[in-house]
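A, B, ... follow the sequence lines: proteins, then strands. Residue 1 opens every chain.
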Amino acid sequence: MIVAERKSIPDLVEILQDHKKILVLGCGTCVTVCLAGGEREVSIISSALRIASNIHGLDFEIEELTIERQCDNVFIEEATDAINRNDAVLSLGCGAGVQALAERYAKKPIYAGLDTAFIGILEDRGIWAEKCAACGACVLHQYGGICPITRCAKQMLNGPCGGSREDRCEVRPDRPCAWQLIYHRLKGIGQLERLTEIAPPKNWEPGHGGGCRVIVREDHRI
Amino acid sequence: MPQISKLETMITAGNFIITAEFLPLPGADSKAAETASGFLKDRPAAVNVADNPHGPILSSLAGSVILEKSGIEPVYQIVTRDRNRIALQSDLLGAAALGIKNVLCLSGHHQTLTGSRQSASVYDIDSIQLLAAVKQMNDDGVLLDGTKIAGDFKVLAGAVATPDMKPLELNMIRLTKKVAAGARFIQTQAVFDLDAFAGWIKKANQLGITSKTAILAGVMPLESAAEAESLREKYTDLVIPDSVIDRLKAAGDAAAQAKEGMAICIETIKKIQSLDGVRGIHILSGGKEHRVPEIVKAAGL
Ligand code: SF4
Ligand code: SF4
C-alpha cells in the first residue's frame, strides 16, 4: 500500500489560512489502512483545525467527507457537490489522489494534507516500512524476494557495503541491513550462488530515471 | 601508451607496499595539498586522495593532480554516492588524461553520515559495477553505453574491504566479486581487532584471493579514547574493540593518549606484517598527514 503521514496542524493552518469554507476529504483505501487519511483521521484533523481556527480567529468552516478512492474518477464523482460548495479542499489522499482531484477541478484549490512517504507494509503494530521503490523492472527474483533497491540505503546490487552489520544498516540503527537479509534468505532457499555473479548496472529508465511514467494498455483502450 | 604506475610496478614485483591517505580541506587553495605532500613524500608508494568523506571538500581529482605535480603518486578515490555513471566515467577519462594512474572504487559512506545529509541519493551503480566499468574501459576501450574510448585508457583499479564485516562467508563473496571485477589491490578499513583480521586474511588465503590481488591492511593512529568512541559510534565499518579504548583511557591525559594511540598503531603494523597474505599497509591518516612519517619510521617500514 501507499504509506503516508499527516502534516502537522500548524503546517496545515498555514496552508489553509486564506480560505474559509474548507472540505477535508479522506480516502478509504491505502491511507485509511495506514491510519493517515481515512474517515477517522478526517474527523481528528477537522476537529484540530476548528480548534486552531478559534485560537487564531480564522473563521474556518470545515466540512468532512471520505470517499472510497481519491485516485479514481468514478469515486471522485461522489465528492463533486461537496467540493463545489467549499472554497478549498484539504485532501487526505496520497499524492496521486491530490493530483487526481486537482486535474478534475480546475478552478478549485486542492491542498495535500499528508506527506506521502512510500510503498510499504505494516511490519508491526504502529510500524510501517518501505518495501518497493517502483523501479519499473522488478529484480526481486534474483534477491530472494528482498528488494536491494528499496531496502539497501545505497541500492547496492552486488552485496553489502562495508558498513553492514549483522544487526543493522550503516545508515540507521533501527533498521536491518537488507544485504544481511538477502544473504540469509538466499542461503535458506538454496540459492546463494545467485550472489556470486556480478549484477550489471541497472537500467533505471523504466523507473523514474526515464521521466514521469505512463503505462498504455492498447487492449484496454478499445 | 600510458605509463604504468609505481604502485602497479610494486604489486607486480611483490614488494611490501606502503600507502597513505590525504584528506583535502573544504577550500580552493592548493597549499593544503602541497603542505600535506611534504609529509607524504618519499616512503609511501602512493597516496590516496579521499572523495568527500564527510561532505564537500576539494575534489579528489583536483587533489590527486596537485599531489602528482608535487611528485607524489596519487590514488584517486572515487565514490559512487554522488555521481551517476555518466559523471563517473567522464571523471575517469579526465583523470587519466591528467596523468592519474591509480583509482580506488568505493561506494562511500552514505550521505546522511556527512555534513550534507539533505543531499539527494545517487547510487546509480555500486562499487563492484564501477570496478567492472573500469575493467571494461581498460580491457576493451569501451564505455558502459558501448561508446569507444578515443585513444588510450589505462588505470590501475583498487577497492576497499572491511575485514570486520560479518558473516565471513558474505564478506568473502563480496571480496571475491571485487577481485573478479578487476580490483588489483585492496585497501582495508582500519584494523584494530587483530584476531578478526587474522581470521579474515586466513580465509582470503584459503580462497586464493590473496594471490590474485594485493591486500594492504589499513591502520589508523587514534588520537584519544573520546575520538575512538565517537568514530565507532558514527561509522559501523570501523570496529574498535573496548580493549583498545580502555588502553587509551588508561594512558592518562591528552598527550599520553595520543602517544598510546601511536603505540597501538605501530604494534598493529608489526603484528599485521607477520601475517601471510598481507602485501602492505595503508595508513589512514584521516587528515593527520603529519603523523605518517612518524608511523613509517617507528614501524621500521
Ligand atoms: S525491484 Fe523494483 S519493482 Fe521490485 S520491489 Fe524493488 S523497487 Fe519494487
Ligand atoms: S548497511 Fe546494508 S542496507 Fe545499509 S547501505 Fe550498507 S549494504 Fe545497504
Side-chain angles (χ1 to χ4, degrees), chain A residues 118 130 133 135 139 142-144 146-188 191-205 207-210, chain B residues 79-81 84-86 88-89 106-113 117 121-133 135-136 144-145 159-182 187-190 218 233-239:
Chain A
F118 50 78
E130 186 175 18
C135 75
V139 293
Q142 293 172 39
Y143 299 97
I146 293 158
C147 177
I149 291 156
T150 313
R151 296 168 68 181
C152 165
K154 301 180 188 172
Q155 50 191 33
M156 315 269 294
L157 293 177
N158 279 293
C161 75
S164 166
R165 288 262 181 101
E166 280 171 300
D167 60 347
R168 63 166 285 189
C169 165
E170 154 180 309
V171 173
R172 291 181 64 138
D174 60 344
R175 295 305 299 166
C177 163
W179 271 99
Q180 296 281 344
L181 302 176
I182 293 169
Y183 163 75
H184 286 293
R185 170 96 178 128
L186 285 176
K187 207 171 153 94
Q191 294 188 4
L192 200 56
E193 78 286 350
R194 284 189 184 273
L195 291 192
T196 54
E197 274 166 46
I198 296 176
K202 187 166 166 62
N203 174 8
W204 299 111
E205 200 182 351
H208 195 66
Chain B
V79 302
T80 62
R81 179 192 61 206
N84 67 10
R85 66 191 81 178
I86 300 173
L88 290 168
Q89 294 175 98
L106 57 170
S107 58
H109 282 135
H110 193 260
Q111 65 271 6
T112 56
L113 303 182
R117 55 176 303 133
S121 207
V122 177
Y123 295 110
D124 174 15
I125 61 175
D126 64 28
S127 47
I128 290 175
Q129 291 163 343
L130 177 60
L131 281 164
K135 188 170 166 35
Q136 177 180 319
L144 284 173
D145 66 2
V160 294
T162 309
D164 290 299
M165 207 259 297
K166 294 184 182 67
L168 193 55
E169 184 179 35
L170 180 58
N171 194 315
M172 288 297 146
I173 290 174
R174 174 174 173 263
L175 184 61
T176 307
K177 277 170 106 164
K178 288 195 171 185
V179 176
Q187 293 170 319
T188 80
Q189 180 52 282
E233 173 71 23
K234 184 161 186 195
Y235 302 114
T236 51
D237 56 342
L238 201 53
V239 178

**Request:** Can you tell which part of B:Thr236 gets under 4.5 Å to a heavy atom of chain A, answering side chain, backbone, both or neither?
**Result:** both
**Request:** Examine whether an atom of A:Lys202 lies under 4.5 Å from a heavy atom of chain B, and if so say whether it belongs to the side chain, the backbone or both; otherwise answer neither.
**Result:** backbone
**Message:** Heavy-atom pairs under 4.5 Å with chain A - which of B:Ala161, B:Ser107, B:Ala180 has more of them than the others?
**Reply:** B:Ser107
**Complete:** Interface check, chain A: of B:Pro167, B:Ser127, B:Ser121, B:Ala133, most non-hydrogen pairs under 4.5 Å belong to B:Pro167
**Prompt:** Quick one: side-chain contact (heavy atoms from CB on, under 4.5 Å) partners of B:Lys135, sequence neighbours excluded?
**Reply:** B:Asp139
**Request:** Answer with side chain, backbone, both or neither: which region of B:Pro163 has an atom nearer than 4.5 Å to a non-hydrogen atom of chain A?
**Result:** neither
**Item:** Under 4.5 Å from any heavy atom of chain B - which part of A:Pro173
**Value:** neither
**Fill in**
Under 4.5 Å to a heavy atom of chain B? For A:Pro201 that would be both
**Item:** Part of B:Leu170 within contact of chain A (heavy atom distance under 4.5 Å)
**Value:** both
**Asked** Is it the side chain or the backbone of B:Asp124 that comes within 4.5 Å of chain A heavy atoms, both, or neither?
**Response** both
**Item:** Cationic N near anionic O, under 4.0 Å, A:Asp174 to A:Arg172
**Value:** yes
**Asked** What part of B:Val122 lies closer than 4.5 angstrom to a heavy atom of chain A: side chain, backbone, both or neither?
**Response** backbone
**Message:** Looking at B:Thr80, is its backbone amide N or carbonyl O close enough to the side chain of A:Lys154 to form a donor-acceptor pair, meaning the two atoms are under 3.5 Å apart?
**Reply:** no
**Asked** For the residue pair A:Leu195 and A:Trp179, what are the closest heavy atoms and their distance?
**Response** CD2-CZ3, 3.3 Å
**Request:** Heavy atoms only, distances under 4.5 angstrom: which of A:Cys169, A:Gly159, A:Gly163 has the most pairs with chain B? Name it, please.
**Result:** A:Gly163
**Message:** Show, in sequence, the C-alpha distance, side-chain angles and deciding distance for B:Lys178 and A:Asn158, and conclude whether the side-chain contact (heavy atoms from CB on, under 4.5 Å) test is met.
**Reply:** CA-CA 9 Å; B:Lys178 288 195 171 185; A:Asn158 279 293; over 6 Å; no
**Message:** Parallel, tilted or perpendicular, judged at 30° and 60°: which one describes the rings of B:His109 and B:Tyr235?
**Reply:** parallel
**Request:** Locate the shortest heavy-atom distance separating A:Cys161 from B:Arg174; write the atom from each residue and the value.
**Result:** C-NH2, 3.7 Å
**Complete:** Closest non-hydrogen contact found for A:Leu181 with A:Arg151 is CD1-NH2, 3.4 Å
**Asked** Top residue by heavy-atom pair count (under 4.5 Å) with chain A, among B:Gln189, B:Glu169, B:Lys234?
**Response** B:Glu169
**Message:** Can you tell me which portion of B:Thr176 sits under 4.5 Å from chain A's heavy atoms? Options are side chain, backbone, both or neither.
**Reply:** neither
**Asked** By a 4.5 Å heavy-atom criterion (distance strictly below it), what part of B:Arg81 contacts chain A: side chain, backbone, both, or neither?
**Response** neither
**Residue part contacting chain A, namely of B:Leu238, when any heavy atom lies under 4.5 Å** = backbone
**Item:** Side-chain (A:Gln180) to main-chain (A:Pro160) donor-acceptor, under 3.5 angstrom
**Value:** no
**Request:** Ignoring hydrogens and angles, tell me if any N or O in the side chain of B:Gln89 forms a donor-acceptor pair with the backbone of B:Leu144 under 3.5 Å.
**Result:** yes
